[in-house]
Amino acid sequence: SVQRRNVNGVYGSAAFTWNNFWTVEGTARNDWSSTLPRGENSYFYPSVSTSLVLTDALPQLKNRYLEFAKLRGGVARVGADADPYALRTVFTGNSVRFGGQPQFTLGNVLANANLKPEITQSSEVGAELSFLGGRVTFDGTVYDRKTSNQIFNVAISPASGFSNRSINAGSVRNRGFEALLGVTPVKQANGLTWTSTFNYGRNRNRIEQLTDGVSSIILSQ
């Protein structure tokens with residue numbers, strides 16, 4: 001089989017740094033996808049992020065314990081289109097002929113001509129710290145992501161002639177925390193170094209909304 005998808009996009013970005021300790025970056029993108037219906041096939045997604053090196057902005061923070069401190073944060077919006085041919089149910093060719101004639105079968109998924117693009121909005125804040133001459137380092141991030149209009153195939157009654165229907169299925173929220181701790185207990189002049197790294201992560205997903213008429217979605221079996 002052959003699947004065709006056409007996506008046109010425009011993209012721009014800019015970054016600014018002030019006094020080598022404060023940086024602001026921004027991006028903007030817009031895509032037009034052939035896999036979405038006219039009027040809904042354009043989706044815009046920007047992002048803004050910033051970082052501030054506190055120990056450079058405020059040198060008095062540095063001492064024999066704290067060597068480096070940096071704060072960062074950002075917000076972003078990301079769009080996504082559908083798989084090809086999700087707007088109209090199509091026939092698929094069968095390599096086995098019947099009576100010398102080619103065979104075709106209609107797909108089992110009821111297409112949806114009114115699909116909308118998936119949109120994910122996310123935000124995060126984090127910090128990077130270094131202590132005791134770099135012997136102890138910490139990197140932590142807290143994030144929050146929400147995806148709306150997720151495109152799913154949900155089960156429907158076989159009496160309809162199809163087994164699934166393609167829909168935009170509400171919204172899902174994803175929240176979590178990630179941390180990385182590095183410790184160097186041995187660092188000798190002859191080059192012998194021992195570094196241990198510990199990481200911790202916690203992530204929670206929550207379905208906040210489903211579309212009308214849908215009470216459950218099977219993600220995997």
Side-chain angles (χ1 to χ4, degrees), residues 3-58 68-88 111-129 138-153 166-180 201-211 217 219:
Q3 290 188 338
R4 292 186 173 93
R5 169 194 265 134
N6 186 36
V7 178
N8 295 320
V10 292
Y11 173 82
S13 65
F16 304 92
T17 300
W18 187 59
N19 279 358
N20 293 322
F21 62 77
W22 183 28
T23 299
V24 178
E25 298 178 274
T27 66
R29 176 169 177 161
N30 199 99
D31 284 352
W32 293 263
S33 174
S34 65
T35 67
L36 294 170
R38 290 183 179 180
E40 298 290 349
N41 65 331
S42 172
Y43 43 98
F44 175 69
Y45 44 108
S47 72
V48 177
S49 62
T50 184
S51 63
L52 176 63
V53 182
L54 291 176
T55 45
D56 288 346
L58 302 170
F68 177 81
K70 177 181 177 180
L71 298 178
R72 63 176 185 269
V75 294
R77 172 186 166 104
V78 178
D81 58 358
D83 291 332
Y85 317 125
L87 304 180
R88 183 177 299 173
N112 185 349
N114 298 310
L115 287 179
K116 298 178 181 180
E118 291 185 6
I119 298 295
T120 299
Q121 296 181 348
S122 62
S123 60
E124 69 172 46
V125 293
E128 299 175 32
L129 304 173
F138 174 82
D139 189 334
T141 303
V142 178
Y143 59 87
D144 185 353
R145 300 186 184 98
K146 182 178 181 180
T147 301
S148 303
N149 293 328
Q150 283 192 304
I151 300 174
F152 281 114
N153 290 334
S166 184
I167 64 170
N168 290 109
S171 62
V172 175
R173 179 160 241 138
N174 180 293
R175 289 174 174 169
F177 172 75
E178 297 176 347
L180 193 67
R202 179 180 180 180
N203 181 69
R204 287 189 173 183
N205 291 328
R206 179 180 177 85
I207 298 175
E208 294 191 334
Q209 180 184 1
L210 291 176
T211 191
I217 295 176
L219 300 180

>> Can you give me the closest heavy-atom contact between Tyr11 and Arg29, atom names plus distance?
In response: CD1-CB, 3.8 Å
> Between OG of Ser166 and CZ of Phe152, what distance do you get to the nearest 0.5 Å?
Replying inline: 10.5 Å
>> So Tyr45 and Ile119, do their side chains get closer than 4.5 Å, heavy atoms only?
In response: no
> Taking Thr50 as the fixed residue, which of Thr23, Val75, Val24 is the one that meets the side-chain contact (heavy atoms from CB on, under 4.5 Å) rule?
Replying inline: Val24
> Between Trp18 and Trp22, how do the two ring planes meet: parallel, tilted or perpendicular, split at 30° and 60°?
Replying inline: perpendicular
> Hey, mind stepping through Asp83 and Arg5 against side-chain contact (heavy atoms from CB on, under 4.5 Å) and telling me if it holds?
Replying inline: CA-CA 8 Å; Asp83 291 332; Arg5 169 194 265 134; 4.0 Å; yes
>> Please find the pair of heavy atoms, one from Thr141 and one from Asp139, that lie closest to each other, and give the distance.
In response: OG1-OD1, 4.2 Å
> What closest approach, in Å, do Ala111 and Leu87 show between heavy atoms, and which atom pair accounts for it?
Replying inline: CB-C, 3.4 Å
> In Å and rounded to the nearest 0.5 Å, what is the NZ to OG1 distance from Lys70 to Thr55?
Replying inline: 10.5 Å
>> To check you understand the geometry: which heavy-atom pair defines the closest contact between Ile151 and Ala82, and what is its length?
In response: CD1-CB, 3.6 Å
> Is the backbone N or O of Lys116 less than 3.5 Å from a side-chain atom of Asn168, with the two atoms forming a donor-acceptor pair by type?
Replying inline: yes
> Backbone N or O of Leu36 within a donor-acceptor pair of the Asn41 side chain at under 3.5 Å?
Replying inline: no
> Going from OG on Ser33 to CD on Glu40, what distance comes out if it is rounded to the nearest 0.5 angstrom?
Replying inline: 12.5 Å
>> Please report the interatomic distance CG(Leu129) to CG(Leu71), rounded to the nearest 0.5 Å.
In response: 8.0 Å
>> I need the Asp56 CG to Phe68 CZ distance, nearest 0.5 Å.
In response: 7.0 Å
>> Could you check whether any side-chain heavy atom of Val7 comes within less than 4.5 Å of a side-chain heavy atom of Asp81, counting everything from C-beta outward?
In response: yes
> Counting only N and O atoms by type, is there a donor-acceptor contact under 3.5 Å from the side chain of Ser49 to the main-chain atoms of Gly74?
Replying inline: no
>> How close do Thr120 and Thr147 get, counting heavy atoms only, and between which atoms?
In response: OG1-OG1, 2.9 Å
>> Rounded to the nearest 0.5 Å, what separates atom CG in Asn30 from atom OH in Tyr43?
In response: 9.0 Å
>> Quick check: closest heavy atoms across Gln3 and Pro84, and the distance to 0.1 Å?
In response: OE1-CG, 4.1 Å
>> Looking at Phe44, is its backbone amide N or carbonyl O close enough to the side chain of Arg77 to form a donor-acceptor pair, meaning the two atoms are under 3.5 Å apart?
In response: yes
>> I'd like to know whether CG of Asn20 has more than 12 heavy-atom contacts from other residues, nucleotides or ligands below 6.0 angstrom.
In response: no
